[in-house]
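Take a look at the structure below.
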2 protein chains.
Amino acid sequence: MASRTRRPERRQEPLTRERIISAAVELLDTVGESGLTFRALAERLATGPGAIYWHVAGKTELLAAATDAVVTTTITGDDTDATPQEAIRALALGVFDAFDAHPWVGTYLARRPGQSPMLRVFERIGRRVQALRVPEAAQFTAASALMNYILGVAGQNAANLRTLQPGTDRTEFLDAVATAWTELDPDQYAFTRTVAGQLRKHDDRAEFLAGIDLILTGITARQ
Amino acid sequence: MASRTRRPERRQEPLTRERIISAAVELLDTVGESGLTFRALAERLATGPGAIYWHVAGKTELLAAATDAVVTTTITGDDTDATPQEAIRALALGVFDAFDAHPWVGTYLARRPGQSPMLRVFERIGRRVQALRVPEAAQFTAASALMNYILGVAGQNAANLRTLQPGTDRTEFLDAVATAWTELDPDQYAFTRTVAGQLRKHDDRAEFLAGIDLILTGITARQ
DNA sequence: ACCTGAACACCGTTCAAGT
DNA sequence: ACCTGAACACCGTTCAAGT
C-alpha cells in the first residue's frame, strides 16, 4: 500500500563520515571521477549536499579520505615466510591490482606525499630491502626507487586504463596498436617497429613485474 | 588623446589554434590547472569564450594539445656521441625537468598512452637499449621499464611539488619531515626511522637518476 | 548537535546573431 | 569563415533556518 506518512522516507541510519567515504568510493568506482559530485553523493545518502559538509571539510578532504580508505585495505597482511624478493613482488602486485580496481586512487595518492598510506608502503619495502642485506647507505635509495616505480608505474597503468573505452577488447586493442606501429615511418621509428610484434602478447601486469625484477637485480648486483 | 572610434580595442592578430594553445600553457604554468578556464583564456586572448571553440573542440583537446606542445619542445635534440647510459640519463633528466617546470604535464600525458609524444620517448629509449646490446627478446621489456619509470616517477615528483606551498623552503621542509619520521612508532616504522637522517640530504633529482641507474644495472647484469 | 535545501559564484559548452 | 556574448545546465560551497 501507499506510505502512511506524508513525508517522504528519508535516511534511517545516521549520516557518518564513514558512510560518506564509502559511498564516495563506490561512486568513484562506478561512475568515475566526474561522477562524484556532492549532489550525487547527497542523493545516494538520502540527504542534502550541505549535510555532507558537516562531516567532511570539502571535496579535497573527501578524495583524500577515499584514497586512504582504499590503500589501507590494500596494505593489510604481510607474508613473513616469503623471500624478500617475493614479498616485494607481492606488495607491488597488491598496489597494481588496487589501482586497477580503483583507477582514480593513483591520481590522489600522488597528491599526498609522505602521508600515512604511502609511508606504510615505504616501511614494508624498506624492511625487505634490509633483508636483502643492502648496505645501510644504499637502503634509502633502493627503497625509494622501488616505491616510486610501484606507485608511478601502477598509476600510469591505471591512467591508461581510464582512457580506454570500458567495452574494448584487450587483444583487439593491442593488435590495432601493433599494426599502427608497423605502419610508422621506418626512419623515425625504427626501434618501435622492431618491437611492434612483441606488443601483441604484451601483458601489463607481467611487464610491471619485470620492471620490479630489473630494479631488484640492480640492487643486488651492486654488492 | 582618447581613441577615435567608439568600439573598444579588440584583438589585432587573428585568433589561431597555436595562439590559443600557447596561452593555455602559460595559464597552466602561472595559475595552475584550476586557473585554466575558457573565460580566463578568452580574456587573455581578448575575445569571448565561444570563439575558442571554433579552433579547439573542448577542454580535453586543449589540454592534450598543451601537453603535446610541451613534450615536443622537450624531446628535440639528441646527443649521438654519448654512451647509451649517458643518453638515457640525459633523456630522463629532460623529462624530469620538463615536468618540474610544467607540473601539470605528467597528469595529462598519462591520459594519452601510445600517442605521438610518448612514442617519441619510447623510440629514443629503445635505440639506446639496442645500443646496450640487450637481446632482442628483452628489448621491449627493458625499454618499457625505463619509460614507465621515467614518466611515472617524474610524474610523481611533479605531483609532490604541486602539493607544496610555492614559498616553502626545500631544506626546512625536508627537515620537518625527517623529524616527524623520527617520532614515528618504533615498532611500526622501524625502517623509516632508520633512514630518516638520509632524508635530510635527499635530492629528488639525484634519487630519480639513481633509480634509472638501478634499472640500467639490472638490464646489463642479465647478459 | 546535526540536518535541510535554497542561493551564490563559479564552471564548460552551445548557439543565434553578427561581421 | 570566423567571432561575439548571452544563456543553459551544471558544479562546489555557504548559510539561514529548521529539528
Side-chain angles (χ1 to χ4, degrees), chain A residues 3 5-28 30-67 104 107-108 111-112 162-163, chain B residues 3-28 30-67 104 107-108 111 162-163:
Chain A
S3 72
T5 59
R6 292 235 179 113
R7 294 176 40 219
E9 293 225 29
R10 292 246 113 205
R11 186 171 24 73
Q12 317 280 4
E13 306 154 78
L15 191 61
T16 61
R17 192 182 151 85
E18 221 173 49
R19 286 189 61 229
I20 292 170
I21 291 165
S22 79
V25 170
E26 254 186 72
L27 271 176
L28 285 164
T30 53
V31 268
E33 289 156 90
S34 64
L36 177 65
T37 68
F38 276 81
R39 282 166 181 77
L41 197 55
E43 196 182 3
R44 209 182 183 91
L45 294 165
T47 182
I52 297 165
Y53 281 87
W54 210 92
H55 301 273
V56 166
K59 193 157 192 184
T60 308
E61 196 194 294
L62 182 62
L63 285 164
T67 303
W104 46 273
T107 318
Y108 302 106
R111 296 190 194 162
R112 318 201 61 217
R162 261 178 299 168
T163 60
Chain B
S3 72
R4 255 170 258 187
T5 60
R6 290 236 178 112
R7 297 180 33 224
E9 292 225 30
R10 291 246 114 203
R11 186 172 23 74
Q12 317 280 5
E13 306 153 77
L15 191 60
T16 61
R17 192 182 151 84
E18 221 172 49
R19 286 189 61 231
I20 292 170
I21 291 166
S22 79
V25 170
E26 254 187 72
L27 272 177
L28 285 164
T30 52
V31 268
E33 289 155 273
S34 64
L36 177 66
T37 67
F38 277 80
R39 281 166 181 78
L41 196 55
E43 196 182 2
R44 209 181 182 91
L45 294 164
T47 180
I52 297 166
Y53 281 86
W54 210 92
H55 300 274
V56 166
K59 192 156 192 183
T60 307
E61 195 194 296
L62 181 62
L63 284 165
T67 303
W104 47 273
T107 318
Y108 302 105
R111 297 189 193 163
R162 260 178 298 166
T163 59

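Per chain, numbering begins at 1; letters A, B, ... match sequence-line order. Quick caveat: nothing in here was measured; it's all calculated off a predicted structure.
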statement: From CD1 of A/Ile52 across to C1' of C/dG5 the rounded distance in Å is 12 Å
message: To the closest 0.5 Å, what do you measure between CG (A/Leu28) and OG1 (A/Thr67)?
response: 8.0 Å
task: Using modelled atom types only, decide if a donor and an acceptor are shared between the side chain of B/His55 and the backbone of B/Leu15 within a distance under 3.5 Å.
output: yes
Side-chain donor-acceptor pairs of residues 56-64 of chain B under 3.5 Å, sequence neighbours excluded:
residue : atom : partner : partner atom : Å
B/Lys59 : NZ   : B/Leu36 : O            : 2.7
B/Glu61 : OE1  : B/Ala57 : N            : 3.4
B/Glu61 : OE2  : B/Arg17 : NH1          : 2.5

- prompt: At what distance, to the nearest 0.5 angstrom, does CD1 of B/Ile52 lie from CG of B/Leu41?
  reply: 4.0 Å
- request: Sequence neighbours left out, what passes side-chain contact (heavy atoms from CB on, under 4.5 Å) with A/Thr16? Give chain and number order.
  value: A/Glu18, A/Arg19
- request: Report the residues that fulfil side-chain contact (heavy atoms from CB on, under 4.5 Å) with B/Thr37, sequence neighbours left out, ordered by chain and then residue number.
  value: B/Arg39, B/Ala40
message: Please enumerate all residues that pass salt bridge (Lys or Arg N to Asp or Glu O under 4.0 Å) together with A/Glu43, with sequence neighbours excluded.
response: none
- prompt: DNA chain D in dot-bracket, Watson-Crick or G-U pairs under 3.5 Å, [ ] crossing, | other strand?
  reply: ||.|||||...|||||.||
When you compare the protein's N or O atoms with those of nucleotides 11-14 of chain D, which come within less than 3.5 Å of each other, and at what distance?
residue : atom : partner : partner atom : Å
D/dC11  : N4   : A/Arg39 : NH2          : 3.4
D/dG12  : OP1  : A/Leu36 : O            : 3.4
D/dG12  : OP1  : A/Lys59 : NZ           : 2.6
D/dG12  : OP2  : A/Phe38 : N            : 3.0
D/dG12  : N7   : A/Arg39 : NH1          : 2.8
D/dG12  : O6   : A/Arg39 : NH2          : 2.7
D/dT13  : OP2  : A/Tyr53 : OH           : 2.9
D/dT13  : OP2  : A/Lys59 : N            : 2.8
D/dT13  : O5'  : A/Tyr53 : OH           : 3.1

- request: Whole angstrom is fine here: how far is it from CZ in B/Arg19 over to C1' in D/dC2?
  value: 14 Å
statement: Heavy atoms of B/Leu45 and B/Ala23 approach each other most closely as CD2-CB, 4.0 Å
task: Starting from P on D/dA17, measure out to CH2 on A/Trp54 and report it in whole angstrom.
output: 20 Å
